[in-house]
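Quick note on labels: first sequence line is chain A, next is B, and so on, each numbered from 1. Because only heavy atoms are used, hydrogens play no part in the values below, and waters and symmetry mates are left out as well, while side chains stay in.
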Protein chains: 2
Amino acid sequence: MPLPLHRGNGLPLYQQIQQRLADQIQAGVFKPSEPLPSIQKIAAQMGVSQMTVRQAIKSLCEIGMLYSRQGKGTFISGIKLEKEFRHVLSFSEEARAHGATPHSRLLSFSIQKPSEETRAALALADGDRVFRLHRVRYEDSLPISIECSCLAVSACPDLMEIFDPDTSLYERLADHYGIQLAITEEVIEVGKANMEEARLLQVPRQSPVFLFTRVSFREDGRPVEHVKSTYRGDRYKIVNRLMRTRRSVLGASHIL
Amino acid sequence: MPLPLHRGNGLPLYQQIQQRLADQIQAGVFKPSEPLPSIQKIAAQMGVSQMTVRQAIKSLCEIGMLYSRQGKGTFISGIKLEKEFRHVLSFSEEARAHGATPHSRLLSFSIQKPSEETRAALALADGDRVFRLHRVRYEDSLPISIECSCLAVSACPDLMEIFDPDTSLYERLADHYGIQLAITEEVIEVGKANMEEARLLQVPRQSPVFLFTRVSFREDGRPVEHVKSTYRGDRYKIVNRLMRTRRSVLGASHIL
DNA sequence: TAGTGGTCTAGACCACGGC
DNA sequence: CCGTGGTCTAGACCACTAC
């Protein structure tokens, strides 16, 4: 019987319960495929309401640590949790997430007329201009990718003054403009490195590469950034976790 | 003021509310960045409890259709919902999802000693044997990928008798063995088509291709299938939606 | 029948934002 | 200050599973 729950201090009860259950599972108190004590028992034992325990358990189900079966119980999944889901991450965050030190070399930074693709992606009006930020990205002095970001000048007017090549662009957007990126849509294709890409990435010509096209949005759906990147294929791979889908909430008219 | 909610018939109230709100948003009753009526008002207007409305709204937030701000309200996101998240999908489901007809050509189907990689991925004991299913996958008679699936013989002993090359393998696993796949872990790399791959996929040699390595699990974490696939790069691309991460529930000892 | 998870109620209080 | 969403309670009933 471990520590009591703290009521009224910062952390909500359900998050404390969630953390405690996660700790116990990772410590091996419960084994995979074994049932957790029932919600009623956990609630009684911890002195909280059943709804509060449910909230904790639901979160742990969503990340695949538990699964519930009506009428049977809640069970421990044996899924290894080292592999996380992919999220919206800046290059800097992603590098640090696997223990490397990120930095970047600026190739160019200018204000331009957007390409038609960028204009459409950022929903720009005729005549709107964009910042175009062209960089090579490194992890521990190893070149990993070439990135070309476009952002509307109107969204971050003095970006050229405040931009620091060694700070995450996303941090600057949050700090100075209150722009929080919530969702990224990406398309991933494969290609071959052309001469310039091969030189910048220090790989042979024609080497296979990943081609990313990403558009990032604020919570309300306004597009912020349109990025096209080339990642070297010999030093970069994508790790993903996918879960079985729930039924879509979209109407039939949206199914082509 | 539309239809009333149906109490006590199949669908839970919160799902009916969720569907109704989704319909209204897609019909343009509410515009992006506009606030939804407050939870209290929706609850009063629909004659249900606040918790029930919250449950509906929470689901819509999770798919990016709404977002909530404490103290301010709940707002409509302008994110286009045609682009869905990626899930665990069979090749057949994926093909049908974008309107193509899937089928496959069997190259070989045998019982073998697993490779060391497969043995580790499926947590097999020494001496365990696997089914090895080698196929070319087509969408509308266009070859898309070469797939090599391995499944433990002990998990689906008479697979060779019941397998039908034109039915989804996943459906058979569910039908005959009650095996439901819940989670897939995948690693995506790039490569160049070798001679045999180029021939089977009808692309030039050295063409860039996607290399997928996937392991699929049941809910309880038991591995079921280990797959290595080669997808042609000129006819296949990956579309993804990523969301900003919530804080991890893992302890510090798991951060490398 | 007993025990489980799933849904739902009618409140309560808190934290936060804007006025 | 008020209105908002976020958390929490102490129950209730239902649906499902197992015995």
Side-chain angles (χ1 to χ4, degrees), chain A residues 4-21 30 33-62 64-77 178 180 182 219-220 246-247, chain B residues 4-21 30 33-62 64-77 178 180 182 219-220 246-247:
Chain A
L5 299 173
H6 304 292
R7 305 184 91 98
N9 82 336
L11 217 53
L13 284 178
Y14 78 93
Q15 287 182 20
Q16 297 180 46
I17 295 169
Q18 177 182 338
Q19 187 64 57
R20 181 179 300 187
L21 291 174
F30 307 106
S33 303
E34 268 184 17
L36 213 61
S38 76
I39 289 172
Q40 292 123 327
K41 286 176 185 158
I42 295 175
Q45 194 235 324
M46 293 192 175
V48 299
S49 167
Q50 292 187 21
M51 285 291 292
T52 306
V53 177
R54 276 179 211 290
Q55 209 171 346
I57 287 179
K58 199 180 170 212
S59 303
L60 294 175
C61 287
E62 277 164 7
M65 184 177 271
L66 297 175
Y67 62 100
S68 292
R69 281 285 152 268
Q70 190 170 97
K72 297 184 71 174
T74 302
F75 302 86
I76 285 79
S77 163
Q180 300 273 3
E219 275 180 327
D220 63 3
R246 25 207 137 183
R247 184 169 63 283
Chain B
L5 300 172
H6 305 293
R7 306 186 89 99
N9 82 338
L11 217 53
L13 285 179
Y14 77 93
Q15 286 181 21
Q16 297 180 46
I17 295 169
Q18 178 183 338
Q19 189 64 57
R20 180 179 299 186
L21 291 175
F30 307 107
S33 302
E34 267 184 15
L36 214 61
S38 76
I39 288 171
Q40 292 123 327
K41 285 173 186 160
I42 295 176
Q45 193 236 326
M46 293 191 174
V48 300
S49 168
Q50 293 187 20
M51 284 291 292
T52 306
V53 177
R54 276 178 212 288
Q55 210 171 345
I57 287 179
K58 197 179 170 211
S59 302
L60 294 175
C61 288
E62 275 163 8
M65 185 178 270
L66 297 175
Y67 60 100
S68 293
R69 281 283 154 267
Q70 190 171 92
K72 296 185 71 174
T74 301
F75 302 85
I76 285 80
S77 162
Q180 300 274 4
E219 277 181 323
D220 64 2
R246 24 204 139 189
R247 184 170 59 283

Asks: Report the distance from atom CD of B:Gln15 to atom P of C:dT7, rounded to the nearest whole Å.
Replies: 7 Å
Asks: Indicate the atoms forming the closest heavy-atom contact of A:Arg69 with B:Glu219, along with that distance.
Replies: NH2-OE2, 2.5 Å
Asks: Give the rounded distance in Å between these two atoms: CG of A:Leu11 and C1' of C:dC14.
Replies: 15 Å
Asks: Closer to the 5' end of DNA chain D via nearest nucleotide, is it A:Tyr14 or B:Lys41?
Replies: B:Lys41
Asks: Do you know which two heavy atoms are closest between B:Ile76 and B:Tyr67, and how far apart they sit?
Replies: O-CE2, 3.9 Å
Asks: Counting only side-chain nitrogens and oxygens, does B:Gln40 get under 4.0 Å of the OP1 or OP2 atom of D:dT4?
Replies: yes
Asks: Taking only side-chain nitrogens and oxygens of A:Arg7, does any of them come within less than 4.0 Å of OP1 or OP2 of D:dT9?
Replies: yes
Asks: Rounded to the nearest Å, what distance is computed from the CD1 atom of residue A:Ile57 to the P atom of nucleotide C:dT4?
Replies: 12 Å
Asks: Under 4.0 Å from OP1 or OP2 of C:dC8: is there any side-chain N or O of B:Thr52 that close?
Replies: no
Asks: Can you tell me how far the CG atom of B:Leu60 sits from the CD atom of B:Gln19, to the nearest 0.5 Å?
Replies: 9.0 Å
Asks: Provide the closest heavy-atom pair for B:Ala56 versus B:Tyr14 in the form atom of the first, atom of the second, distance.
Replies: CB-O, 3.4 Å
Asks: Check the distance between C:dG5's P and A:Leu66's CG and give it to me in whole angstrom.
Replies: 11 Å
Asks: Does the side chain of B:Arg54 pick up a donor-acceptor pair with the side chain of B:Gln50 at under 3.5 Å?
Replies: yes
Asks: Would you indicate what A:Leu13 reaches in the nucleic acid, counting non-hydrogen atoms under 4.0 angstrom: base, sugar-phosphate, or nothing?
Replies: sugar-phosphate
Asks: Just how far, in rounded Å, is P of C:dG3 from CG of A:Leu36?
Replies: 18 Å
Asks: Specify the separation, in whole Å, of atom CZ of A:Phe75 and atom P of C:dG5.
Replies: 8 Å
Asks: For C:dG5 and A:Ser68 - does any side-chain N or O of the residue sit under 4.0 Å from the phosphate oxygens OP1/OP2?
Replies: no
Asks: Can you see which heavy atom on A:Ile42 is nearest to which on A:Pro37, and at what distance?
Replies: CD1-O, 3.5 Å
Asks: Starting at the 5' end of nucleotides 10-19 of chain D, put B wherever the base has a protein heavy atom under 4.0 Å, S where only the sugar-phosphate does, and a dash everywhere else.
Replies: B----BBSS-
Asks: Nearest 0.5 angstrom please: A:Ile57 CD1 to A:Ile17 CD1, how far?
Replies: 9.0 Å
Asks: Check the distance between D:dT9's P and A:Ile39's CD1 and give it to me in whole angstrom.
Replies: 14 Å
Asks: Compare every heavy atom of B:Thr74 with every heavy atom of B:Ser68, then report the nearest pair and how far apart it is.
Replies: OG-OG1, 3.2 Å
Asks: Rounding to a whole Å, what distance do you find between B:Gln55:CD and D:dC8:P?
Replies: 16 Å
Asks: Please round to the nearest 0.5 Å and tell me the distance separating atom CE of A:Met65 and atom CG of A:Leu36.
Replies: 11.0 Å
Asks: In degrees, rounded to 10°, what is the bend between the two ends of the helix from C:dT1-D:dA18 to C:dG18-D:dC1, using five pairs at each?
Replies: 10°
